[in-house]
Amino acid sequence: MRLPRIVIAAPASGHGKTTVATGLMAALRRAGHEVSGHKIGPDYIDPGYHALATGRPGRNLDPHLVGADLLVPLLRHGAATPRPAGVAIVEGVMGLFDGAIGRAGFASTAHVAGVIEAPVVVVVDVSAAARTVGAVVHGLRGFDPTVRVAGVILNKAGSARHAQEARAAVEGIGVPVLGVLFRDDGISAPSRHLGLVPVAERDDAGAALDRLAGLIARRVDLAAVVRIARSAPELPGVTWDPAAVVDRSATTGSGCEPVVAIAGGRAFTFRYAETEELLTAAGCRPVVFDPLAADALPAGTAALYLGGGFPEVHAADLAGNGALLTDIAARIGRGLPTVAECAGLLYLCRELDGVPMTGVIDAVARMTSRLTLGYRDAVTAGPSVLASAGSASTGHEFHRTTVTPVAGRPAAWLVGGVGHGFALDPGGTGEATVHASYLHTHWAGPPALAARFAASAHRYAALDPGHSVGRGTVDRRMVDRGTGDLSVAGRSGRPDVPAAARARADGGSGPDLLHHGDADAAPGLLDFAVNVRGRRPPDWLTRRISGTFDTLGSYPNAAAATAAIAERHGRPMDQVLPTAGGAEAFTLIARALRPVRPVVVHPQFTEPEAALRAAGHVVERVVLSATDGFVLHPPAVPDDADLVMIGNPTNPTGVLHPAAALRALGRPGRVLVIDEAFLDAVPGEAESSAGEQLPGLLVVRSLTKTWALAGLRAGYVVGDGDVIRRLAAQQPPWAVSAPALAAIEACCAPDAVAQAAAELPTIAARRDRLVDGLGRLGLPVVGTPATPFVLVDTSPVIPAGASPDVVREDLRRRGIAVRRGDTFPGLGPGWIRIAVRDPAATDRLLAALQELTMNDTPSDRGDEGVSFMINRGGGAG
């Protein structure tokens, strides 16, 4: 077989392999070539971009997962399917010689390039060097003479002179430079905790790829790239054929073509192309469905495959699709053959980050900061729909979540003799019909996995006449005779989805209303993200709280705390309601009221809107403008809005609205909710509405920020007595604990109020220090903040072509956490909120920002310019 081919490599991760490889694929395709895209290693995300660029499936070449002997057959297959390709572009992994640890470069880019006998083009990030680039290329070329380095593409050059210096050094050692990409070329792609955002989740991916293709066509000598690819020798050997490797002896007898439902869409983007080809060859019909949108599995489903993806990103929307959760749990409960890998494992758990999933597996999954990454050798712990007991397989893990417990009895796999994952038999069939674990496997390596799973689907289709129950039908075996409700293991037809699970705005496509500052902070980071002033309450308050511990055997009594709040604000006790923090107050408001046109004024704390949406309300937003400092213009609020929610001073803008402007929002029949969580940070509590007697007015206060009580949850609502009674009717008995009630009583006492006021000059001085320092760096604070935090738009200092959240991400890499702004409606990714801290911490932050705003050439900024891969350090899974 004559297959022109080329491998795109780099000295290390982060140099721009994905950018160049994907751009070359797209540019060559637009030039009339049929291009086949391939990725070395277990990566799923990059092949998604390759598929977009080539118009055909992206393929993986991984000697650990499939064996080195299958690399050429799989390359030949990928280049021939669905039509013959004229050139194959193979993207490498990590650095050119980096492979499995301790195995002398096994599974590295160099290893695979040698097996497939392909010339190598090296992409080098030159942003932090110039002439030294020649030495780097010289070292790569000489380290293993069997690897043919045939050309170089320079990436992130700072100027024409800079590029010429690097080019001369490389060409001086006899290696041609095929092109130069510049730091300000303006192509970038968003990334997150496992690398790039998958192409299926990017509405702008097509447009970005068009720009990249045009850029590559201008900057890179495509004819030279094709000449190098054509210099590759003949590619001898056989072409991998799924029909030839699948044993179909066990896949007959069902009398049908059983449907294998395959999870897809934005939440489940990871699977190898050969998986569906093998199932098809085994007589099944793979049908992709979207767990975010489908209300039932596809009609005729006889097996379920849940691959990899990002369910943690889409957890609320997955949980909100209760009809599908119930359908899947019911089908699996009847013995539906199911294989789940990584994301699929999380989806089958009882909950993920506190949000309910299908509940098939009695385990809890959660997101962590720790990355688990690596190749695995595994054997099945017992017989299942995937493999017989003791069957050996290879796989890989790539995730930042954990599952508790980590394995069932029996486990799905044994890895180093330790149980890994879950093998379940919920239908009592005598064999595990659910095989779920973190392990990703490539079924082309051990095709017996695909054959056994397909055989399970055939058996299920033949033996279970109810397997076709799906959209619009009900399996009468699952209907409770007493109530008529569809139930699974005691659950109603729609799972009990917590409020938080349903709170994402705009059907999940808008800002993440459930993101708060604690998600940006992490152990080891200097915390400017969370607005709590101190690390712990003052000693006198700690003693007051601990004094309640001896009474914890008795139910709490809110009378004293209620009286203290009433006295503090000069209100009768029937106009006061203690709550478990401000967040509970918003939930009570959302449940107690039935507004026809609720309006939330943004940007502001997102919990009010999240609570309204969770209660089923359709929320309208009035978004204030940064151009005038987020000033409130009362006429912007619709006259017929019967519920209006606004912060004062507002989080995150820090704006203190005049009380007169807020009074102008009052209307007969309207409930006006003012969040004054930070009003006690304003000298004299100027512009407070907490003491005003206005019909329909509610003022929410939180004590957690000033007194470092975030872990205790202490707050209250004051206002219209009739509305307060409606809120109290929704509040569970004893909702506020005895320690929290003691804290409320103590913090509302005159001495405590005076102490808080006495600290305000110090806070103001520290805020001024922060504001002045930011201004000197070209980062002016919006307006005149009245809060212990400030809001900053970083876009003025972001270089052309850099990611809009580059400042926040660079600060994080330097050990500093700030609050991201793009989860507040009305703000974009360039906005950050910064808490006021002590002078030493502030000076460290300002020093880090000063380093970031320096833009010398060459630069050590690894996220500027042309990059589809932002410091990701490996593949995705």
Side-chain angles (χ1 to χ4, degrees), residues 4-28 31 35 37 40 46 49-50 53 87-96 109-110 113 118-141 147-160 162-188 211-229 231 801 858 862 864-869:
R5 56 198 182 275
I6 197 167
V7 171
I8 307 300
S13 295
H15 281 246
K17 292 190 302 294
T18 305
T19 300
V20 172
T22 304
L24 282 174
M25 293 174 196
L28 289 171
V35 183
I40 296 173
D46 293 348
Y49 285 91
H50 299 172
V87 61
I89 305 294
V90 182
E91 180 190 340
V93 61
M94 299 186 292
L96 176 57
T109 301
V120 174
V121 169
V122 179
V123 180
V124 184
D125 178 349
V126 301
S127 60
R131 184 168 171 76
T132 304
V133 174
V136 171
V137 176
H138 177 70
L140 293 174
R141 184 179 61 173
V147 177
R148 181 160 70 96
V149 176
V152 169
I153 295 176
L154 306 178
N155 191 19
K156 301 181 187 177
S159 65
H162 177 206
Q164 182 55 40
E165 185 77 1
R167 177 192 287 271
V170 173
E171 292 180 340
I173 63 170
V175 179
V177 173
L178 307 178
V180 179
L181 304 177
F182 288 86
R183 195 170 54 202
D184 59 356
D185 276 328
I187 299 293
S188 64
R211 294 195 299 272
L212 177 61
L215 175 70
I216 292 292
R218 293 192 304 273
R219 302 283 200 214
V220 176
D221 186 346
L222 296 181
V225 171
V226 172
R227 284 196 300 271
I228 292 173
S231 71
E864 290 182 4
V866 183
S867 177
F868 260 120
M869 181 170 64

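Since we're looking at a predicted model, the values are computed, not measured.
- Atom CD in E91 sits 6.0 Å away from atom OG1 in T22 (nearest 0.5 Å).
- Taking CG of D46 as the reference point, atom CD1 of I40 lies at 11.5 Å (rounded to 0.5 Å).
- Looking at Y49 and M25, their side chains never come closer than 4.5 Å, going by heavy atoms from C-beta outward.
- Between V7 and A118, the shortest heavy-atom contact is CG2-CB, 3.7 Å.
- For the side-chain hydrogen bond (donor to acceptor under 3.5 Å, both in side chains) test, no residue two or more places apart in sequence or in another chain qualifies with R141.
- Remark: K156 NZ to R183 CZ distance equals 10.0 Å, nearest 0.5 Å.
- I216 places a side-chain heavy atom less than 4.5 Å from the side chain of L181.
- Residues satisfying the side-chain hydrogen bond (donor to acceptor under 3.5 Å, both in side chains) test with Q164, not counting sequence neighbours, are none.
- No side-chain heavy atom of P4 sits under 4.5 Å from any side-chain heavy atom of V226.
- Rounding to the nearest 0.5 angstrom, the gap separating the CZ atom in R227 from the CG atom in D221 is 5.5 Å.
- Under a 3.5 Å cut-off, the side chain of H15 and the backbone N or O of D125 do form a donor-acceptor pair.
- Counting only heavy atoms from C-beta outward, the side chains of V225 and V121 never approach each other to under 4.5 Å.
- Using a 4.5 Å heavy-atom threshold, the side chains of L154 and V152 count as touching.
- Taking the side-chain hydrogen bond (donor to acceptor under 3.5 Å, both in side chains) definition, one finds that S231 meets it with R148, sequence neighbours left out.
- For G95 against T109, the heavy-atom pair with the smallest separation is O-OG1, 4.2 Å.
- Of all the heavy atoms in L96 and A9, the pair that sits closest is CD1-CB, 3.7 Å.
- Note that the NE2 atom of H138 and the OG1 atom of T132 stand 13.5 Å from one another [nearest 0.5 Å].
- Formation of a donor-acceptor pair under 3.5 Å by the H50 side chain with backbone atoms of A21 is not found in this model.
- Across I173 and G134, no two heavy atoms sit closer than the pair CD1-O, 3.5 Å.
- Taking the side chain as every heavy atom from C-beta outward, L178 and L222 never approach each other to under 4.5 Å.
- A distance-only check finds a donor-acceptor pair linking the side chain of K17 to the backbone of M94 [under 3.5 Å].
- A heavy-atom distance below 4.5 Å is not found between the side chains of V175 and V122.
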